[in-house]
2 protein chains.
Amino acid sequence: MRMDSLTTDADPHTQKSTVTQLRAFLAQSDLPDDGRLPPERELSAALGISRTELRKALDVLEAEGQIWRHVGKGTFMGSRPLDTFADIAALARRSNPAEVMRARIVIEPEIARAAAFTATPADITEMRLCLARSRQADSWRQYEGWDTRLHRTIAEATQNGLLLGLFDTLNAVRRAVTWGRLRALPVRPAPDHHSFREHEAIVDAIEHRDMAGAANAMRNHLRTVERKLLDKQLRAAEEG
Amino acid sequence: MRMDSLTTDADPHTQKSTVTQLRAFLAQSDLPDDGRLPPERELSAALGISRTELRKALDVLEAEGQIWRHVGKGTFMGSRPLDTFADIAALARRSNPAEVMRARIVIEPEIARAAAFTATPADITEMRLCLARSRQADSWRQYEGWDTRLHRTIAEATQNGLLLGLFDTLNAVRRAVTWGRLRALPVRPAPDHHSFREHEAIVDAIEHRDMAGAANAMRNHLRTVERKLLDKQLRAAEEG
DNA sequence: TCAGATACCAATTTGCATTTGGTCTATAAT
DNA sequence: ATTATAGACCAAATGCAAATTGGTATCTGA
């Protein structure tokens with residue numbers, strides 16, 4: 001450990017003064033709402049210091065967490081916005097089937113409730129179409145396709161693009177999460193498959209503008225799915 | 001009656017033939033990996049038919065679910081992929097403050113309900129901390145920081161990483177959406193600001209494991225925020 | 001009456017120039 | 001010798017105009 005590293009830090013006074021000068025400038029200048037401060041080239045000119053020196057001062061503020069920077073974007077006051085967790089793969093890696101199921105049970109009933117209030121006749125027509133097609137499905141894969149589309153149509157019926165986006169994210173994670181794994185069985189869902197009745201109850205409630213009924217029907221449906229899923233995992237655990 | 005001699009007329013035979021011709025073309029031409037087929041203008045020229053007629057044939061294929069189309073993008077084979085916009089910026093561009101508020105009212109009460117079931121003592125301690133800090137805030141910016149952290153702590157308390165991820169997405173969109181715009185007023189929130197009472201009601205309910213109460217308190221809080229937001233927009237509209 | 005051609009529209013993509021933080025180098029200063 | 005300065009360059013990000021593309025309306029002609 002060489003002590004001269006401290007002395008070569010040449011004049012702590014100088015450094016501190018530039019940081020102080022910068023702090024003062026930032027305190028008195030009113031920044032735009034997004035907290036962005038001027039580009040380094042402008043700021044250094046405005047402060048009458050070199051860009052190098054300014055950057056050293058900015059390094060200090062960044063280390064203190066006062067500012068955050070990003071190439072091409074700029075330098076901003078405040079703390080860096082949390083990493084957009086919107087990465088499906090990352091979410092899926094951190095999650096698991098049970099968690100996905102719980103999240104669905106939290107989110108989707110409320111989406112159904114909202115849809116019961118905002119759904120257009122066209123939405124309901126499409127829901128009915130999904131119902132019919134899912135009954136006619138020749139394979140589980142086809143059935144799953146129409147099931148997914150029904151749930152998404154309900155999310156669309158909220159007429160809220162953000163809710164639809166959140167639903168899509170949830171759905172993408174659901175598909176990405178590694179389950180036991182979906183069988184591509186040639187057999188088709190039994191005509192008395194529980195989802196048929198449950199799906200119909202949901203669409204009926206939405207059609208009748210029964211918000212509470214829609215939420216309950218969706219919750220009931222997802223809880224049944226959850227139960228079947230847990231049963232399946234148990235059986236797989238016993239067999240495996 | 002000789003049907004086959006009158007091929008110039010617009011009978012079902014002609015229409016069907018264009019569809020067949022199109023099918024044959026698509027079968028023998030190798031499309032790029034994304035399944036995109038040539039623009040309508042090119043394709044109609046290549047097939048020696050008018051764009052109108054081609055579009056009618058494409059309409060048939062689309063109804064059959066063989067292809068999907070999107071303005072500005074093109075026409076593609078296969079089923080339409082769900083636009084998985086996990087992209088915050090894209091979501092924000094398509095959304096607006098009112099929509100964000102509605103989405104919060106749909107999602108967050110249920111998150112609070114789940115949190116009331118799963119919150120740990122440590123979670124509740126942190127919520128109380130956020131409450132206290134928000135009361136002590138010197139500026140709206142500081143207050144907003146603690147408010148955001150409180151809501152996120154509640155989402156964390158669900159112990160569900162996926163729900164937390166969805167909440168973060170919602171929150172990121174909320175920040176990204178351009179409002180009237182947040183004032184950087186030097187004044188601090190009044191000591192009797194409505195959010196203080198409402199936040200406390202939420203945390204109280206969570207602490208008492210009162211799931212319905214937590215959901216109601218959160219809904220009540222967000223509805224108040226929504227009302228204030230609308231009032232503000234109205235005033236801004238009148239002034240501007 | 002209806003297919004065909006044309007023009008226009010809005011959503012989207014593409015390409016290019018600009019901006020911006022990050023980094024390196026040469027020069028001058030001390 | 002060290003350091004500060006200025007300048008140049010890079011990659012990421014942005015902004016903008018032009019081109020592309022599916023969708024739609026209008027006019028024409030048979």
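Sequence lines set the chain letters: A, B, ... in the order given, protein chains first and strands last, and positions in each chain run from 1.
Comment: Glu99(B) does not engage Arg102(B) in a salt bridge, judged by the lack of any side-chain N to carboxylate O separation of less than 4.0 angstrom. Between Arg135(A) and Glu200(A) a salt bridge is recorded (basic side-chain N to carboxylate O distance below 4.0 Å). A salt bridge links Glu40(A) to Arg69(A): at least one charged side-chain nitrogen sits closer than 4.0 Å to a carboxylate oxygen.
Listed by chain and number, the residues in a side chain to side chain donor-acceptor pair (under 3.5 Å) with Arg219(B) are Asn216(B) (sequence neighbours excluded).
At least one donor-acceptor pair closer than 3.5 Å links the side chain of Asp123(A) to the backbone N or O of Thr120(A). For Arg209(A) (side chain) and Ala119(A) (main-chain N/O), a donor-acceptor pair under 3.5 Å exists by modelled atom type. With Ser134(B) contributing its side chain and Tyr143(B) its backbone, the two residues share no donor-acceptor pair below 3.5 Å.
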Could you run down nucleotides 22-30 of chain C 5' to 3' and tag each one B, S or - for protein heavy-atom contact under 4.0 Å?
BB-------

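Looking only at side-chain heavy atoms (C-beta outward), Thr153(A) and Cys130(A) come within less than 4.5 Å of each other.
Remark: C1' of dG21(C) and CG of Leu43(A) are 13 Å apart, rounded to the nearest angstrom. Distance CZ (Phe76(A)) to P (dA12(D)): 18 Å, rounded to an integer number of Å. The nearest whole Å value for the distance from the CG atom in Leu37(A) to the C1' atom in dT19(C) is 15 Å. Rounded to an integer number of Å, the gap from CG of Leu54(B) to P of dA3(C) is 15 Å. In this structure, Arg36(B) places its CZ atom 11 Å from P of dT20(D), rounding to the nearest Å. When rounded to the nearest whole Å, the span between CD of Glu53(B) and P of dG22(D) equals 17 Å.
Nucleotides of DNA chain C nearest to Gly74(A) and Gly72(B) differ in position, and the one nearer the 5' end is that of Gly72(B).
Taking 4.0 angstrom as the limit, Lys73(A) places none of its side-chain polar atoms (N or O) nearer than this to OP1 or OP2 of dT19(C).
One end of the helix from dT1(C)-dA30(D) to dT30(C)-dA1(D) points its axis 10° away from the other end's axis, with each axis taken from 5 pairs and the angle rounded to 10°.
Closest of all the heavy-atom pairs between Leu131(A) and Leu150(A) is CD2-CD2, 4.0 Å.
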